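Only one structure is covered here, and it is reproduced in the block below.
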Amino acid sequence: MSKNLGEVINNIMKENSSKRVLILTQNMQIIGTIHKYEGRCENCHDCIIALKDVKMAKFEDICHCNLTECECNLEVFMEFEWFNINTQAIIGFSILGNDSE
């Protein structure tokens, strides 16, 4: 039996005492907190992950200047209170430390 990707990510986050995740799609970088829906949603779909406090940007808009304290990216990230993503769109993810943005 396969596990829901949201549950897998949540479990890894618990093991690492983190609440933030970086999700990569084909052309987007998404940083947010996965909504804790375990046991709370009877109608939730396994193919959707709900995120809150989201910042996202297209890869083509992200600066790669590598300058110390670069602020080029401040304007390219869109912010959303809630964002839902289809798990089939995810090509990778990373758990971020508590202090990461």
Side-chain angles (χ1 to χ4, degrees):
M1 175 163 40
S2 65
K3 281 192 162 192
N4 173 323
L5 183 58
E7 290 178 37
V8 170
I9 294 172
N10 265 330
N11 289 337
I12 294 170
M13 290 169 68
K14 284 179 192 175
E15 289 174 12
N16 291 283
S17 301
S18 179
K19 296 183 184 207
R20 309 266 305 150
V21 64
L22 164 69
I23 293 177
L24 302 176
T25 68
Q26 198 68 20
N27 61 355
M28 304 280 301
Q29 173 178 307
I30 304 164
I31 299 171
T33 304
I34 294 183
H35 175 60
K36 295 182 183 179
Y37 56 89
E38 295 175 20
R40 297 181 185 181
C41 182
E42 294 175 11
N43 296 320
C44 292
H45 295 277
D46 289 347
C47 63
I48 300 290
I49 295 176
L51 300 166
K52 61 183 181 176
D53 303 323
V54 173
K55 292 182 180 181
M56 63 187 288
K58 294 179 184 176
F59 286 132
E60 64 192 40
D61 295 337
I62 298 174
C63 172
H64 300 285
C65 71
N66 296 323
L67 296 176
T68 304
E69 299 183 30
C70 170
E71 295 185 2
C72 300
N73 290 328
L74 294 180
E75 298 298 320
V76 300
F77 280 88
M78 297 175 287
E79 295 188 26
F80 297 91
E81 186 175 339
W82 287 99
F83 185 81
N84 297 296
I85 185 167
N86 185 318
T87 57
Q88 294 177 353
I90 296 172
I91 60 171
F93 70 89
S94 180
I95 305 307
L96 302 175
N98 290 326
D99 298 328
S100 297
E101 283 293 328

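If you're wondering where the values come from, they're calculated on a predicted model, not measured in any experiment.
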Separation between CD1 of Ile90 and CE of Met28, rounded to the nearest 0.5 Å:
12.5 Å
Residues which pass ring pair (Phe, Tyr, Trp, His ring centres under 6.0 Å) with Phe93, listed by chain and number, not counting sequence neighbours:
none
Restricting to non-hydrogen atoms, name the atom on Met56 and the atom on Phe83 that form the minimum distance, rounded to 0.1 Å.
SD-CE1, 3.6 Å
Quick check: is Leu22 connected to Trp82 through a chain of hydrophobic side chains (ILVMFWY, heavy atoms under 4.5 Å apart)?
no
How far does CD1 of Ile34 sit from CD1 of Ile9, to the nearest 0.5 angstrom?
4.5 Å
With sequence neighbours left out, what residues match Asn27 under side-chain contact (heavy atoms from CB on, under 4.5 Å)?
Thr25
Just wondering, do Val54 and Glu79 contact through their side chains at under 4.5 Å, heavy atoms?
no
I need the Asp53 CG to Lys19 NZ distance, nearest 0.5 Å.
11.0 Å
Could you pull out all residues at least two apart from Phe59 that satisfy ring pair (Phe, Tyr, Trp, His ring centres under 6.0 Å)?
none
What do the steps show when you test Leu51 against Ile31 for side chain to side chain contact (heavy atoms under 4.5 Å, CB included), and what is the final call?
CA-CA 9 Å; Leu51 300 166; Ile31 299 171; over 6 Å; no
What about Met78 and Ile30, same hydrophobic cluster or not, with Ile/Leu/Val/Met/Phe/Trp/Tyr joined at side-chain heavy-atom distances under 4.5 Å?
yes
At what distance, to the nearest 0.5 angstrom, does CZ of Arg20 lie from CE of Met13?
8.5 Å
Taking C-beta and beyond as the side chain, do Ile12 and Val21 meet within less than 4.5 Å on heavy atoms?
no
Sequence neighbours excluded, which residues qualify as side-chain contact (heavy atoms from CB on, under 4.5 Å) partners of Asn86?
Cys47, Ile48, Gln88
